[in-house]
Amino acid sequence: MSFRRLAFGVLLAGAMPGLSLAQSAESAPQTLSLELNAVQDMGGACRLTFLVNNQTGLEIDKAVFEAVIFDTSGGVVSLSLFNFRDLPAARPRVRQFEVPEIACETVGQALINGANSCIVEGAENEVCDKALSLSSRNAVELLG
């Protein structure tokens, strides 16, 4: 009887690391991280450079976000749709957008107002809104 308990205990102990790995993989956050990486004046326009990392586990065929640009006093200066195109799973992408007729030094904040379109496997999907995580690497704050 004690040999059976010992053998069961050894088998159970051997299985536990696999169980904890499976649980941690399931509980890992599923995020679509959007980082405002750089802002740069480009001859009468302000270029916003984003680093996107799709950790949702889904291949996003097309992601279009509504973006609102505010000046340093909080006034809206631009409302645009930023087409981030395809966002492969687990592969970072860099996307750039130019906001015409504005100097970057006057940009105070950028607001991602939500996904205008998020296509996964040919159909609209809520993952672009639900998994969105925002950050900024510079003085322009990225809100969402």
Side-chain angles (χ1 to χ4, degrees), residues 4-5 7-144:
R4 285 185 181 170
R5 285 186 181 164
F8 180 71
V10 169
L11 285 173
L12 188 59
M16 292 305 261
L19 286 175
S20 65
L21 284 175
Q23 288 174 341
S24 66
E26 289 174 9
S27 63
Q30 304 292 306
T31 61
L32 178 61
S33 67
L34 216 64
E35 174 190 86
L36 180 54
N37 187 273
V39 293
Q40 179 183 15
D41 284 308
M42 294 299 297
C46 180
R47 177 180 289 166
L48 306 175
T49 302
F50 291 88
L51 173 62
V52 186
N53 200 350
N54 176 5
Q55 295 297 325
T56 64
L58 300 172
E59 300 286 328
I60 299 173
D61 301 324
K62 181 180 177 184
V64 179
F65 291 96
E66 184 178 87
V68 183
I69 308 301
F70 297 90
D71 63 20
T72 53
S73 67
V76 173
V77 293
S78 175
L79 176 67
S80 302
L81 293 177
F82 287 175
N83 185 353
F84 283 83
R85 302 186 319 264
D86 63 310
L87 300 172
R91 295 187 60 199
R93 289 289 182 256
V94 173
R95 302 289 190 243
Q96 294 181 319
F97 304 96
E98 291 184 8
V99 182
E101 301 178 17
I102 187 169
C104 291
E105 67 186 24
T106 64
V107 176
Q109 297 173 321
L111 168 67
I112 301 300
N113 217 20
N116 179 271
S117 180
C118 182
I119 307 296
V120 175
E121 295 181 357
E124 285 291 335
N125 194 299
E126 294 181 349
V127 71
C128 294
D129 280 322
K130 291 188 175 192
L132 191 61
S133 171
L134 303 172
S135 63
S136 180
R137 220 177 239 282
N138 51 65
V140 176
E141 187 178 8
L142 186 60
L143 308 169

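All values derive from a computational prediction rather than experimental measurement.
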Handout entry: Euclidean distance, T106 OG1 relative to F70 CZ, rounded to 0.5 Å
Key = 13.5 Å

Practice task
Can you spot which of L134, T49, N138 makes a side-chain contact (heavy atoms from CB on, under 4.5 Å) with L36?
Solution key: N138

Problem - Pairwise side-chain contact, E141 with L143, heavy-atom cut-off 4.5 Å (strictly under) - result: yes

Problem - Backbone of L87 reached by a side-chain donor or acceptor of R93 within 3.5 Å - result: no

Practice task
Could you tell me how the ring of F82 sits relative to the ring of F97: parallel (under 30°), tilted (30 to 60°) or perpendicular (over 60°)?
Solution key: parallel

Practice task
Applying salt bridge (charged side-chain N to carboxylate O under 4.0 Å, His left out), name anything that partners K130, two or more places apart in sequence or on another chain.
Solution key: E126

Completion exercise
In terms of heavy-atom contacts, C128 and L32 come closest through CA-CD2, 3.9 Å

Handout entry: Exam field: side chain D129 to backbone G114, donor-acceptor pair closer than 3.5 Å
Key = no

Handout entry: D61 to G122 - nearest heavy-atom pair and separation
Key = OD2-N, 3.3 Å

Handout entry: Test item: I69 and S80 side chains (from C-beta on) under 4.5 Å apart, heavy atoms
Key = no

Exercise for the section: Report the distance from atom SG of C46 to atom CD of E98, rounding to the nearest 0.5 Å. Expected result: 9.0 Å

Problem - Heavy-atom pair of closest approach, residues I60 and A63 - result: CG2-CB, 4.0 Å

Problem - Side chain N37, main chain R137, donor-acceptor under 3.5 Å - result: no

Exercise for the section: Determine the minimum heavy-atom distance between A90 and Q55, stating which atoms define it. Expected result: CA-NE2, 3.6 Å

Exercise for the section: May I have the step-by-step check of side-chain contact (heavy atoms from CB on, under 4.5 Å) for E124 and I119, ending in yes or no? Expected result: CA-CA 5 Å; E124 285 291 335; I119 307 296; 3.2 Å; yes

Handout entry: Option among V127, T56, L34 that satisfies the side-chain contact (heavy atoms from CB on, under 4.5 Å) test with L132
Key = L34

Exercise for the section: Output the distance between atom CZ (F65) and atom CG (L81), rounded to the nearest 0.5 Å. Expected result: 11.5 Å

Practice task
Hey, could you give me the CD1/CD distance between I112 and E66, rounded to the nearest 0.5 Å?
Solution key: 9.5 Å

Fill in the blank from the handout: In short, P88 meets E59 closest at the heavy-atom pair CA-OE1, 3.3 Å

Completion exercise
When every non-hydrogen atom of A110 is compared with those of V140, the smallest separation belongs to N-CG1, 4.1 Å

Exercise for the section: Report the distance from atom CG of N53 to atom CD of E35, rounding to the nearest 0.5 Å. Expected result: 10.0 Å

Handout entry: Separation between CZ of F50 and OG of S136, rounded to the nearest 0.5 Å
Key = 8.5 Å

